[in-house]
Amino acid sequence: MTTERTRTERYDPSSVEPRWQARWAELELYRTDLGDTSRPKYYLLTMYDYPSGDLHVGHWYVKTPTDAIARFHRMHGENVFFPVGFDAFGLPAENAAIKKKIHPAAWTYQNIDNMRRQLRSMGATFDWASEVVTCDPAYYRWNQWLFLRFLEQGLAYRTTAPVDWCPNDGTLAREQVEGVERRCWRCGAKVEKRDLAQWFLRITKYADELLDFRGLDWPEPIRIMQTNWIGRSEGAEILFTTAPDDHQPGGDDLRVFTTRPDTLFGATFMVLAPEHPLVARLTAPDRRAEVETYVAAARSATEIERLSTEREKTGVPIGASAINPVNGARIPIWIADYVLAGYGTGAIMAVPAHDERDFAFATKFGLPIVEVIRAAGAPGPANGLSEAYVSKSATDLMVNSGRFDGQPAPAGFRAIVEWLKSEGKADFAVTYRVRDWLISRQRYWGTPIPVVYCAVDGIVPVPDEELPVRLPEHVDYQGSGENPLRRDPAFLNTVCPRCGGPATRETDTMDTFMDSSWYWFRYLSPGLDSAPVERALVDRWTPVDQYTGGAEHAVMHLLYARFFTKAMADCGLVGEREPFRRLFNQGQVLGADGERMSKSRGNVEDPDALVARYGADTVRLYLMFMGPWDQGGPWSPSGIGGVARFIGRVWTLALDPHGIEPGDPASGTLPAGEDAATAERTIRGAAHRTLATVTADYEAFHFNTMVARLMELSNLLFRYRGTDVAGGSAWDEAIALLELMLAPAAPHVTEELWARHLAARDEAWRSIHAERWPAVDAAAAAVETHELPVQVNGKLRDRVEVAVGLSEAEVEALVLARPKVVAALDGKTPLRVIHAGGGRLVNIVVRG
RNA sequence: GCCGAGGUGGCGAAACCGGCAGACGCGGCCGACUUAAAAUCGGCUGCCCGCAAGGGCAUGUGAGUUCAAAUCUCACCCUCGGCACCA
């Protein structure tokens, strides 16, 4: 008997995992009863995916820890709603259509089928009954409906805006414009800008409200990025007028926005955006050729290039002048690409003495620099300023500013604006960096914008009862990259809903960010065909309690979602004005080469192969163990074997507590100096201390240290395997705690072990995932002594085991008597003894 | 360029509040078990000097604050995310 060394069967995920997945599905364990009010609700949302074809480990990296959160909350008795869906419109489907001659819909649905299968292999607790697919007319119909409400509210409007344009392939997305040469990805033609009439949503109306994050538990960096993206600037709008010349009569209004009206006397020239509407009219005939060349060049540059502060400043004078309203001075008008048409008024007054970009510009082109602000007490510069003085100190004084000389700059700011305001030439103003949201896309695979154009009635909204405006199925998307909807007469030609006369449909479709701006509301009632959202469920379940997804969405998706919620609230559709109470951004898993995973780079890591080899639990646990969840990093599978080993050890501990390791002579005997009673105290103490830290780690999403703590506990239990205490009550308690703690992260193996324990005790089966999260036994977890590090002059010299709760004097006496400390003191008298952080460390200071 | 994040052993990382740098795991080395291998189990493993006891050095670089700095401050270097038509 004793020589029999047969081990328990190994853990075999390939048989255990599918069996439990099937059982959970059969029992509909994760279908949420949204009407159940007996328990607290927990709406857990993870960013839905674009159906690109295959899941990669990056998808697992977001979703499996989120699933652990869902399970953790269920174990706390909450009614958890954890839906999934697909962000199914978008450019890649159209690209696939062009390249592979497959219909975008076919490509998309084929990918969705595959990804559904892959998502199910995670063993996650998604509520599939709530699934949303945005390219389904039952979904995009409500995009159209919402658009029409926004149109009624004045939140949607149409105006012209430039697009990247290829003469052969029409509008191009940013990623379809290649290289610094800016050429078309398909035909290589030089890309130009073209102005098109397009639809916008008025996000700027909510700019101030979007700056308010009160009540939201969001990461600070995301709040800062959104705040900077919105970019609120307080200042004034100043009215300059153009001076008369030989070629034009003057008297045109030129409005500028400035944050520094106190520097107005230092405005020595004016710069218009090359796209500014007055440029053509004001330009002198002899300047025209040069100006037109410059405007063309500026239009082909990207905004990132134009706003670079590093780049050499460029610009040309247009041969006209403006009148500075404070002193009547004639100042030359230039155009330069660092001034953008879309920001402020598209025109600036240049104050080179007090703005870095203006200084660089004036220096390069020999324009005058007039100092008008000086630090208090500073002498005036002897030979002119060597750099711009941009400091905004409250004690700065105004100089060379007529009757404002000697005034503090902040007072001058107000005084100058008040004075000009009384003359109708200025007013206080606020400008935002954020621009209204351009939602028009000249593409096929998106939600058609539901308006028609009638020669008689102009822009006419499609009536609600005619929604959805369906995408025609059979279109010619092979001809060119231009929107195929324009080539489909059956779609294009319609009748005006108002007059019944001939009309044409809008052929632009919506930005897919429109779809993702309200999908979590739709999850609550995906099949509802009378309204986009069911108000009662929305009121009960939103805002979302926890949202997880990538930080790459910090400003666009997450800002649009907030805007949409506010706009929907103003349309009376929802009650809350914020979508996501708590946000977490996990890091990105990069390819092994450190680059973003993408098919074209060939660095995509396929989770199916890993699951086949190690099982879903190991992959889940490894992704959690890799590092902090918000960090991400390059993918490397080295180390996954360690996690697989850990799961195997838990399996062995749970099913074979009395086994002896033939390779370890100490196996099966208690550690030296321990009897059964102390061993059991050690086991219970370790288990309950682990429970305390693991609980905190789950709550803080510190999954990597959570796994480490469980490894430590299993290592400790392994030392007691085969001894007299193995299989005893303390042991069994520790094993049960270990399984419960591991259950949210590794749901299959823990479910199997739990079922076997129940069967061994002849108890009826119940899922471990329906068990309550255990409570810490504080008495068991308490420690009696701890190790105290002792430093002399900040260097570690000794460690002392001390009882918990000694006074500082007792500790000091103990420590000063230690031989190593005496040696380190070398006869010198301690100057101070510092007791840090409640017995964490003692530092003895001796030098003078 | 602008906004945001991050740089710690051979590798992934830990140190949550300014208090023992390197938990946990990978890899490596040594051992046990085995006819053998695999698997499994145990031990050691930041670098340098030393037989050892011990000592010195060390958290991207350089300065500073402090009894004490991976952690705070300043400057610089490098990597990653976003920059409005990829999602």
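All values below come from the heavy atoms of this structure, side chains included, with hydrogens, waters and symmetry mates left out. Just so it is clear: chains get the letters A, B, ... in the order the sequence lines come, proteins before strands, and each one is counted from 1.
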Let me know the distance between [atom1] of [X] and [atom2] of [N], rounded to the nearest Å.
| X | N | atom1 | atom2 | value |
| --- | --- | --- | --- | --- |
| A:Asp656 | B:rC41 | CG | P | 12 Å |
| A:Phe718 | B:rG43 | CZ | P | 12 Å |
| A:Met706 | B:rC24 | CE | C1' | 13 Å |
| A:Leu716 | B:rA23 | CG | P | 17 Å |
| A:Glu9 | B:rU40 | CD | P | 16 Å |
| A:Asp337 | B:rG1 | CG | C1' | 13 Å |
| A:Asp630 | B:rG4 | CG | P | 17 Å |
| A:Ile222 | B:rC3 | CD1 | C1' | 11 Å |

Just one of A:Tyr519, A:Phe89, A:Trp518 clears the ring-ring contact (aromatic ring centres under 6.0 Å, His included) bar with A:Tyr140, so which one?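 Single pass found, and it is A:Phe89.
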State which residue, out of A:Tyr206, A:Tyr560, A:Phe513, fulfils the ring-ring contact (aromatic ring centres under 6.0 Å, His included) condition with A:Trp437.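 Among A:Tyr206, A:Tyr560, A:Phe513, the one meeting ring-ring contact (aromatic ring centres under 6.0 Å, His included) with A:Trp437 is A:Tyr560.
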Syn or anti for B:rG9, given that syn means the glycosidic angle lies within 90° of 0?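 What B:rG9 shows is a syn base, its glycosidic angle lying within 90° of 0.
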Glycosidic conformation of B:rC77, taking syn as within 90° of 0 and anti otherwise: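 The base of B:rC77 is oriented anti (glycosidic angle more than 90° from 0).
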Between A:Phe646 and A:Phe625, is the ring centre distance below 6.0 Å?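 They do not qualify: ring centres at least 6.0 Å apart.
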I'd like to know whether the aromatic ring centres of A:Tyr547 and A:Phe584 sit less than 6.0 Å apart in this structure.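 No, too far apart.
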Donor-acceptor check, side chain of [X] to backbone of [Y], threshold 3.5 angstrom: yes or no?
| X | Y | answer |
| --- | --- | --- |
| A:Arg441 | A:Asp508 | no |
| A:Asp511 | A:Met514 | no |
| A:Trp651 | A:Glu9 | yes |
| A:Arg709 | A:Val694 | no |

Report yes if the side chains of A:Leu172 and A:Trp165 come closer than 4.5 Å at any heavy-atom pair, otherwise no.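 A:Leu172 vs A:Trp165: side chains apart.
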Closest nucleotide of RNA chain B for A:Arg797 versus for A:Met711: which of these residues is on the 5' side?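 Looking at the nearest nucleotide for each, A:Met711 comes out on the 5' side.
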With nearest nucleotides of RNA chain B determined for A:Gly642 and A:Asn228 from heavy-atom distances, which residue corresponds to the more 5′ nucleotide?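 Closer to the 5' end of RNA chain B: A:Asn228.
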[X]/[Y] ion pair, N-O < 4.0 Å:
| X | Y | value |
| --- | --- | --- |
| A:Asp337 | A:Lys313 | no |
| A:Asp164 | A:Arg174 | yes |
| A:Arg299 | A:Asp195 | yes |
| A:Glu192 | A:Arg182 | no |
| A:Glu275 | A:Arg306 | yes |

Under 4.0 angstrom between [X] side-chain N/O and [N] OP1 or OP2:
| X | N | value |
| --- | --- | --- |
| A:Lys795 | B:rC67 | no |
| A:Asn715 | B:rA23 | no |
| A:Arg306 | B:rG1 | no |
| A:Arg719 | B:rC41 | no |

Provide the distance between the two [atom1] atoms, one in [N] and one in [M], to the nearest whole Å.
| N | M | atom1 | answer |
| --- | --- | --- | --- |
| B:rG27 | B:rG22 | C1' | 16 Å |
| B:rG54 | B:rC17 | C1' | 34 Å |
| B:rA14 | B:rG46 | C1' | 14 Å |
| B:rA13 | B:rA70 | C1' | 13 Å |
| B:rC24 | B:rC44 | P | 11 Å |
| B:rC30 | B:rA53 | C1' | 24 Å |
| B:rA58 | B:rC74 | C1' | 23 Å |
| B:rA69 | B:rC57 | P | 12 Å |

Counting side-chain heavy atoms from CB outward, which of B:rC33, B:rG27, B:rA39 is closest to A:Arg645?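 In terms of side-chain proximity for A:Arg645, the closest of B:rC33, B:rG27, B:rA39 is B:rG27.
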Contact state string [nucleotides 77-87 of chain B, B base, S sugar-phosphate only, - no protein heavy atom under 4.0 Å]: ----BSBBBSB
How does protein reach along nucleotides 6-19 of chain B, written 5' to 3' as B (base within reach of a heavy atom under 4.0 Å), S (only sugar-phosphate), or - (no contact)? ------BSS-B--B
Would you sketch RNA chain B in dot-bracket for me? Only Watson-Crick or G-U wobble pairs with both distances under 3.5 Å count, crossing pairs as [ ], other-strand pairs as |, the rest as dots. (((((((..(((......[....)))((((((.......))))))((((....))))..(((((..]....))))))))))))....
